[in-house]
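Below is one structure, written out as C-alpha coordinates; comments come after it.
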Amino acid sequence: AQSVTQLDSQVPVFEEAPVELRCNYSSSVSVYLFWYVQYPNQGLQLLLKYLSGSTLVKGINGFEAEFNKSQTSFHLRKPSVHISDTAEYFCAVTAFSGGYNKLIFGAGTRLAVHP
Amino acid sequence: NAGVTQTPKFRVLKTGQSMTLLCAQDMNHEYMYWYRQDPGMGLRLIHYSVGEGTTAKGEVPDGYNVSRLKKQNFLLGLESAAPSQTSVYFCAIQMGLALETQYFGPGTRLLVL
(Lines give C-alpha, C1' and ligand atoms only; values in the text may rest on other atoms or scores of the structure.)
Protein backbone atom coordinates (compact mmCIF):
# COMPACT_ATOMS: atom_id res chain seq x y z
CA ALA A 1 0.00 0.00 0.00
CA GLN A 2 1.13 3.52 -0.72
CA SER A 3 2.08 5.91 2.05
CA VAL A 4 3.60 9.36 2.38
CA THR A 5 5.96 10.57 5.09
CA GLN A 6 6.73 14.22 5.61
CA LEU A 7 9.86 14.17 7.67
CA ASP A 8 9.44 17.50 9.43
CA SER A 9 6.23 18.60 11.12
CA GLN A 10 7.51 22.16 11.52
CA VAL A 11 10.22 24.13 9.73
CA PRO A 12 11.19 27.58 11.01
CA VAL A 13 13.25 29.72 8.66
CA PHE A 14 14.27 33.33 8.30
CA GLU A 15 13.03 35.48 5.46
CA GLU A 16 15.17 35.27 2.30
CA ALA A 17 16.78 32.01 3.44
CA PRO A 18 16.45 28.83 1.35
CA VAL A 19 14.15 26.06 2.49
CA GLU A 20 13.63 22.38 1.78
CA LEU A 21 10.56 20.45 2.87
CA ARG A 22 11.11 16.73 2.75
CA CYS A 23 8.73 14.09 1.48
CA ASN A 24 9.23 10.36 1.09
CA TYR A 25 6.71 7.94 -0.29
CA SER A 26 6.35 4.21 -0.52
CA SER A 27 4.86 2.54 -3.54
CA SER A 28 5.46 -0.55 -5.59
CA VAL A 29 4.07 1.02 -8.75
CA SER A 30 4.53 4.22 -10.73
CA VAL A 31 2.93 7.19 -9.04
CA TYR A 32 1.96 10.77 -9.54
CA LEU A 33 3.25 13.16 -6.88
CA PHE A 34 1.89 16.47 -5.66
CA TRP A 35 2.59 19.32 -3.31
CA TYR A 36 -0.29 21.41 -1.99
CA VAL A 37 -0.15 24.55 0.12
CA GLN A 38 -2.71 25.64 2.69
CA TYR A 39 -2.65 29.22 3.90
CA PRO A 40 -4.30 29.91 7.27
CA ASN A 41 -8.05 29.32 7.23
CA GLN A 42 -8.07 28.51 3.54
CA GLY A 43 -8.40 25.46 1.33
CA LEU A 44 -5.64 23.52 -0.37
CA GLN A 45 -4.00 25.00 -3.42
CA LEU A 46 -1.95 22.97 -5.89
CA LEU A 47 1.69 24.07 -5.87
CA LEU A 48 3.12 21.61 -8.37
CA LYS A 49 2.88 18.06 -9.59
CA TYR A 50 5.02 15.36 -11.11
CA LEU A 51 3.39 13.07 -13.65
CA SER A 52 6.28 12.00 -15.87
CA GLY A 53 9.28 13.36 -17.77
CA SER A 54 11.77 15.79 -16.23
CA THR A 55 12.39 15.01 -12.60
CA LEU A 56 12.67 18.70 -11.69
CA VAL A 57 9.25 20.26 -11.52
CA LYS A 58 8.60 23.97 -11.17
CA GLY A 59 5.50 25.29 -9.52
CA ILE A 60 3.88 28.52 -8.49
CA ASN A 61 5.38 31.12 -6.17
CA GLY A 62 8.98 30.12 -7.00
CA PHE A 63 8.77 26.60 -5.57
CA GLU A 64 10.26 23.55 -7.24
CA ALA A 65 10.49 19.88 -6.39
CA GLU A 66 12.68 17.03 -7.51
CA PHE A 67 11.45 13.51 -8.04
CA ASN A 68 14.01 10.91 -7.04
CA LYS A 69 12.82 7.45 -7.90
CA SER A 70 15.73 5.57 -6.33
CA GLN A 71 15.24 7.35 -3.01
CA THR A 72 11.44 7.50 -3.36
CA SER A 73 11.53 11.16 -2.47
CA PHE A 74 9.86 14.33 -3.72
CA HIS A 75 11.39 17.19 -1.75
CA LEU A 76 10.11 20.74 -2.13
CA ARG A 77 12.53 23.65 -2.32
CA LYS A 78 12.59 27.40 -2.58
CA PRO A 79 15.84 29.38 -2.82
CA SER A 80 14.57 32.44 -0.96
CA VAL A 81 11.40 32.46 1.13
CA HIS A 82 9.09 35.34 1.95
CA ILE A 83 6.91 36.01 4.96
CA SER A 84 3.94 35.25 2.73
CA ASP A 85 5.16 31.64 2.30
CA THR A 86 4.14 30.92 5.89
CA ALA A 87 1.63 28.11 5.48
CA GLU A 88 1.17 24.38 5.81
CA TYR A 89 2.48 22.21 2.98
CA PHE A 90 1.18 18.79 2.10
CA CYS A 91 2.84 16.14 -0.02
CA ALA A 92 0.53 13.63 -1.70
CA VAL A 93 0.77 10.58 -3.93
CA THR A 94 -1.82 8.96 -6.12
CA ALA A 95 -2.74 5.33 -5.99
CA PHE A 96 -5.00 3.79 -8.56
CA SER A 97 -7.67 1.94 -6.61
CA GLY A 98 -10.93 0.45 -7.78
CA GLY A 99 -11.48 2.69 -10.75
CA TYR A 100 -10.32 6.03 -9.43
CA ASN A 101 -7.08 7.79 -8.53
CA LYS A 102 -6.93 7.81 -4.74
CA LEU A 103 -4.89 10.66 -3.24
CA ILE A 104 -2.86 9.82 -0.13
CA PHE A 105 -1.58 12.72 1.94
CA GLY A 106 1.31 13.19 4.29
CA ALA A 107 0.65 14.71 7.70
CA GLY A 108 1.84 18.14 6.59
CA THR A 109 4.79 20.46 7.29
CA ARG A 110 4.18 23.82 8.86
CA LEU A 111 6.55 26.40 7.40
CA ALA A 112 7.06 29.46 9.57
CA VAL A 113 9.00 32.31 7.97
CA HIS A 114 10.41 34.82 10.42
CA PRO A 115 11.61 38.38 9.64
CA ASN B 1 -10.91 26.63 -6.24
CA ALA B 2 -11.63 25.28 -9.75
CA GLY B 3 -15.29 26.25 -9.46
CA VAL B 4 -15.91 24.23 -6.27
CA THR B 5 -18.06 25.81 -3.58
CA GLN B 6 -18.94 24.52 -0.14
CA THR B 7 -21.76 25.53 2.17
CA PRO B 8 -21.87 26.35 4.97
CA LYS B 9 -18.45 27.82 5.79
CA PHE B 10 -18.86 27.32 9.54
CA ARG B 11 -21.24 25.38 11.72
CA VAL B 12 -21.59 24.56 15.40
CA LEU B 13 -23.65 21.50 16.33
CA LYS B 14 -24.63 19.84 19.54
CA THR B 15 -23.97 16.13 19.97
CA GLY B 16 -26.74 14.13 18.33
CA GLN B 17 -27.83 16.83 15.89
CA SER B 18 -27.81 16.22 12.18
CA MET B 19 -26.65 18.32 9.28
CA THR B 20 -25.79 18.22 5.60
CA LEU B 21 -22.76 19.76 3.94
CA LEU B 22 -23.10 20.75 0.30
CA CYS B 23 -20.38 20.66 -2.32
CA ALA B 24 -21.25 22.19 -5.67
CA GLN B 25 -19.27 22.34 -8.90
CA ASP B 26 -20.01 24.05 -12.14
CA MET B 27 -17.64 22.28 -14.53
CA ASN B 28 -19.42 18.96 -15.12
CA HIS B 29 -16.76 16.86 -13.39
CA GLU B 30 -17.53 13.21 -12.79
CA TYR B 31 -15.31 12.52 -9.80
CA MET B 32 -15.98 14.21 -6.46
CA TYR B 33 -14.54 13.56 -3.02
CA TRP B 34 -15.13 14.41 0.63
CA TYR B 35 -12.18 14.65 3.01
CA ARG B 36 -11.74 15.60 6.61
CA GLN B 37 -8.68 17.40 7.90
CA ASP B 38 -7.44 16.97 11.45
CA PRO B 39 -4.23 18.35 13.00
CA GLY B 40 -1.20 16.16 12.33
CA MET B 41 -3.14 13.73 10.16
CA GLY B 42 -3.28 15.39 6.78
CA LEU B 43 -6.47 14.78 4.82
CA ARG B 44 -8.41 11.53 5.01
CA LEU B 45 -10.96 10.40 2.46
CA ILE B 46 -14.49 9.94 3.79
CA HIS B 47 -16.52 9.08 0.68
CA TYR B 48 -16.21 9.62 -3.03
CA SER B 49 -18.30 9.53 -6.18
CA VAL B 50 -17.34 8.62 -9.73
CA GLY B 51 -20.53 9.96 -11.28
CA GLU B 52 -24.14 10.90 -10.79
CA GLY B 53 -25.98 8.35 -8.71
CA THR B 54 -22.82 6.59 -7.52
CA THR B 55 -21.01 6.78 -4.17
CA ALA B 56 -18.39 4.70 -2.42
CA LYS B 57 -16.66 4.53 0.94
CA GLY B 58 -13.24 5.96 1.54
CA GLU B 59 -10.83 5.57 4.41
CA VAL B 60 -13.01 6.92 7.27
CA PRO B 61 -16.69 6.56 6.28
CA ASP B 62 -18.25 5.69 9.65
CA GLY B 63 -20.77 8.21 10.90
CA TYR B 64 -21.24 9.81 7.47
CA ASN B 65 -23.53 9.31 4.53
CA VAL B 66 -23.38 10.84 1.07
CA SER B 67 -25.57 11.34 -1.97
CA ARG B 68 -24.96 12.41 -5.56
CA LEU B 69 -28.44 12.81 -7.02
CA LYS B 70 -27.28 15.54 -9.36
CA LYS B 71 -23.91 15.60 -11.06
CA GLN B 72 -23.17 19.10 -9.82
CA ASN B 73 -23.79 18.40 -6.14
CA PHE B 74 -22.19 16.02 -3.66
CA LEU B 75 -23.81 16.03 -0.23
CA LEU B 76 -22.20 14.85 3.01
CA GLY B 77 -24.55 14.05 5.87
CA LEU B 78 -24.01 13.56 9.56
CA GLU B 79 -27.06 11.81 10.99
CA SER B 80 -26.05 12.07 14.66
CA ALA B 81 -23.06 14.31 15.18
CA ALA B 82 -20.34 13.36 17.66
CA PRO B 83 -17.50 15.48 19.10
CA SER B 84 -15.06 13.25 17.17
CA GLN B 85 -16.51 14.71 13.98
CA THR B 86 -15.22 18.16 14.85
CA SER B 87 -13.00 18.84 11.88
CA VAL B 88 -12.54 20.81 8.69
CA TYR B 89 -14.26 19.19 5.74
CA PHE B 90 -13.02 19.62 2.19
CA CYS B 91 -14.65 18.70 -1.05
CA ALA B 92 -12.55 18.04 -4.15
CA ILE B 93 -13.06 17.42 -7.83
CA GLN B 94 -10.71 15.55 -10.12
CA MET B 95 -9.31 16.89 -13.36
CA GLY B 96 -6.44 16.34 -15.77
CA LEU B 97 -5.81 14.25 -18.85
CA ALA B 98 -5.42 11.16 -16.70
CA LEU B 99 -7.84 12.44 -14.06
CA GLU B 100 -4.83 12.63 -11.82
CA THR B 101 -5.18 16.01 -10.13
CA GLN B 102 -7.62 16.98 -7.40
CA TYR B 103 -8.73 20.55 -6.76
CA PHE B 104 -10.25 21.52 -3.46
CA GLY B 105 -13.05 23.72 -2.26
CA PRO B 106 -12.60 26.31 0.50
CA GLY B 107 -13.72 23.99 3.32
CA THR B 108 -16.36 23.81 6.03
CA ARG B 109 -15.34 24.16 9.67
CA LEU B 110 -17.53 22.05 11.94
CA LEU B 111 -17.52 22.11 15.73
CA VAL B 112 -19.54 19.49 17.57
CA LEU B 113 -20.10 20.26 21.23
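Everything quoted here is computed from the prediction, not taken from an experiment.
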Relative to chain B, which segment of A:Ser9 carries a heavy atom at a distance below 4.5 Å: side chain, backbone, both, or neither?
neither

Can you see which heavy atom on A:Ser3 is nearest to which on A:Val93, and at what distance?
O-CG1, 4.5 Å

Most contact-rich option vs chain A, by heavy-atom pairs under 4.5 angstrom, among B:Arg109, B:Met41, B:Gln6, is B:Arg109

Could you have a look at A:Val4, A:Asn41, A:Leu46, A:Ile104 and say which one has the most heavy-atom pairs with chain B under 4.5 angstrom?
A:Asn41

Is the shortest side-chain N to carboxylate O distance from B:Glu59 to B:Arg44 below 4.0 Å?
no

What part of A:Gln6 gets within 4.5 angstrom of chain B, counting heavy atoms only: side chain, backbone, both, or neither?
neither

Identify the residue among A:Leu44, A:Leu21, A:Asp8 that makes a side-chain contact (heavy atoms from CB on, under 4.5 Å) with A:Tyr89.
A:Leu21

Quick test of your reading of the model: are A:Glu20 and A:Arg77 salt-bridged, counting only N-O distances below 4.0 Å?
yes

